[in-house]
Number of protein chains: 2
Amino acid sequence: MVDRTSGVPAFRQVAADLRDKISAGAYPPGARLPSERDLVDTYGVSRPTIRQAVDALRVEGIVITEHGRGVFVKPTPSIRRLSRHRLSKEARARNQGAFLADAEAHGFKPSSTVKVRFESADDRAAGYLAVEQGEELTVRDRVMRADGAVVQLAVSRLPRRFTTGSAIEQVDTGPGGTYARLEEAGHVLGSYAEHVGARMPTPDEASALQLGQGVPVVTVTRVAYREDGVPLEMNDMVLSADRYELSYEWAAD
Amino acid sequence: MVDRTSGVPAFRQVAADLRDKISAGAYPPGARLPSERDLVDTYGVSRPTIRQAVDALRVEGIVITEHGRGVFVKPTPSIRRLSRHRLSKEARARNQGAFLADAEAHGFKPSSTVKVRFESADDRAAGYLAVEQGEELTVRDRVMRADGAVVQLAVSRLPRRFTTGSAIEQVDTGPGGTYARLEEAGHVLGSYAEHVGARMPTPDEASALQLGQGVPVVTVTRVAYREDGVPLEMNDMVLSADRYELSYEWAAD
DNA sequence: CAGTGGTCTAGACCACACC
DNA sequence: GTGTGGTCTAGACCACTGG
């Protein structure tokens with residue numbers, strides 16, 4: 001039952017009580033909570049109030065709701081760790097690029113859909129690629145799948161003057177992928193930078209990545225630089241935060 | 001007006017329409033949306049339905065609501081970039097550790113509150129620190145502020161056998177911080193690893209970090225290794241995703 | 001004060017899952 | 001069918017903001 005004198009909204013009291021019971025183990029991962037109509041009786045509030053409480057737990061990512069079945073404690077999914085070593089030259093030599101290297105290491109069956117297009121550089125792209133706004137870019141839109149499920153969206157952008165005449169402007173870039181083609185054209189890779197953030201997904205991303213309720217996305221912008229420091233490529237990646245963790249290692253000093 | 005024959009729930013149609021208008025610039029960042037009661041007239045649905053639509057935009061992080069004032073398009077906050085160079089020995093020599101180095105670089109006034117306690121290693125800590133479960137750990141709980149506002153929560157754990165007798169078990173670790181004290185005790189730092197993820201905040205984190213509605217947190221677990229590869233410290237950090245971006249750079253191959 | 005969002009009620013009907 | 005969550009209504013009162 002809720003305390004109507006405390007000043008704390010009823011739906012928050014219900015949410016807090018359910019949250020406590022879940023973390024205490026009264027409802028273990030995968031367990032079904034009592035039905036919303038049962039909770040109405042338990043707490044003595046109306047159904048919309050119960051739904052408001054359940055919604056709060058849903059956006060926190062603690063529970064998921066399944067139409068016609070019930071409300072369930074969200075099972076903790078397994079986390080796949082992506083290491084920066086996925087970009088080594090050795091890995092490139094063996095296959096078609098970073099994503100396939102990861103697939104091989106983890107034993108899932110990769111596939112991807114690619115669309116190539118051209119656009120002019122906006123403010124942000126111009127900044128990362130150190131080109132003038134409006135310069136023509138080659139854009140590769142990729143949807144990557146593991147065993148059929150979409151796991152990553154990636155948009156790669158390169159100044160078109162680095163890609164004319166190469167397979168980078170084709171759907172299939174050939175063995176070693178984009179980076180191998182760049183090196184063949186005399187652009188030797190010198191360094192990488194990755195900028196990592198997180199945000200809530202757009203509805204499009206949520207459905208494409210089959211994101212669970214209350215799951216943010218991790219965004220990674222990778223910039224590849226030539227040996228002389230000239231930016232060659234920027235790659236905007238979007239990953240499901242409950243399935244991926246990014247790892248970086250470096251020597252002290 | 002909503003289309004009652006399309007099968008798409010009314011609140012989703014309203015949310016999609018508002019979302020489109022916002023991204024088209026009809027409501028620029030910071031602008032106030034029409035009041036919920038005006039939207040009731042505009043779309044011809046009840047107020048709870050309008051509220052459901054606004055709630056959806058809120059958890060997407062597109063708008064914020066302010067009691068008694070209105071619904072506003074969320075302004076895009078400035079992003080602070082944290083580079084891995086914040087851990088260089090040079091930076092340590094100058095001040096009291098990683099957070100203060102970052103503060104100095106960005107010109108804000110840092111402060112932090114520290115609590116020291118001891119606990120036995122759980123499953124996860126034992127894994128990262130390569131110790132037996134139950135081994136005694138020194139735990140430093142830090143709340144970091146920039147110009148008074150909480151910007152980061154950090155929990156640092158070290159096997160206690162590396163810290164007995166050192167200032168690491170004191171609130172004030174002295175110049176150069178924990179890492180400087182470890183090196184003085186003969187534990188020369190060899191490398192770091194950071195594991196980066198994201199999730200929705202707990203209610204405690206949301207209030208401590210003064211998180212906006214619909215803003216996830218970025219979690220970073222940093223492990224510091226001795227030259228011989230023995231883990232010395234793990235540091236669990238929680239950051240507001242709309243205020244921070246993490247940057248990592250490395251040489252190709 | 002008027003206008004705003006925040007909370008809550010007591011229903012109703014629908015769509016989906018499972019027996 | 002029965003039970004589940006999903007959606008929606010037409011109100012009500014409260015708490016906060018700002019003139």
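Chain A is the first sequence line, chain B the second, and so forth, proteins listed ahead of strands; every chain is numbered from 1.
- Closest of all the heavy-atom pairs between Val217(A) and Pro201(A) is CG1-CB, 3.8 Å.
- Atom pair Phe72(A):CZ and dC18(C):C1' shows a separation of 12 Å (rounding to whole Å applied).
- Against DNA chain D, the stretch residues 33-50 of chain B makes heavy-atom approaches under 4.0 Å through Val45(B), Ser46(B), Arg47(B), Pro48(B), Thr49(B).
- Screening Val143(B), Asp141(B), Asp204(B) against Leu153(B) for a side-chain contact (heavy atoms from CB on, under 4.5 Å) leaves a single residue, Val143(B).
- The pair Lys21(B)-Asp17(B) counts as a salt bridge, with a side-chain nitrogen and a carboxylate oxygen less than 4.0 angstrom apart.
- Across all strands, Val54(B) comes closer than 4.0 Å to no nucleic acid atom at all (heavy-atom distances).
- The stretch residues 62-70 of chain B comes close to DNA chain D through His67(B), Gly68(B), Arg69(B), each having a heavy atom under 4.0 Å from the strand.
- Where DNA chain D meets chain A (any atom under 4.0 Å from a heavy atom), the bounding nucleotides read 5' to 3' are dG3(D) to dT7(D).
- For the residue pair Thr113(A) / Arg145(A), a side-chain donor-acceptor distance below 3.5 Å is found, with atom types taken as modelled.
- Among the heavy atoms of the strands, none lies under 4.0 Å from Arg58(A).
- Distance CG (Leu57(B)) to C1' (dG5(C)): 15 Å, rounded to an integer number of Å.
- Smallest separation of non-hydrogen atoms from Leu209(B) and Arg243(B): O-NH2, 2.7 Å.
- Checking Arg140(B), Arg157(B), Arg222(B) one by one against Asp236(B), the salt bridge (Lys or Arg N to Asp or Glu O under 4.0 Å) holds for a single residue, Arg157(B).
- Evaluated for a side-chain contact (heavy atoms from CB on, under 4.5 Å) with Lys74(B), the options Val215(B), Val63(B), Ile22(B), Leu57(B) yield exactly one hit, Val215(B).
- Taking the side chain as every heavy atom from C-beta outward, Phe11(A) and Asp55(A) never approach each other to under 4.5 Å.
- Relative ring orientation between Tyr248(A) and Tyr248(B) is described as parallel, the plane-to-plane angle staying below 30° on a 0-90° scale split at 30° and 60°.
- A 4.5 Å side-chain heavy-atom check between Gln170(B) and Val114(B) finds every atom pair outside the cut-off.
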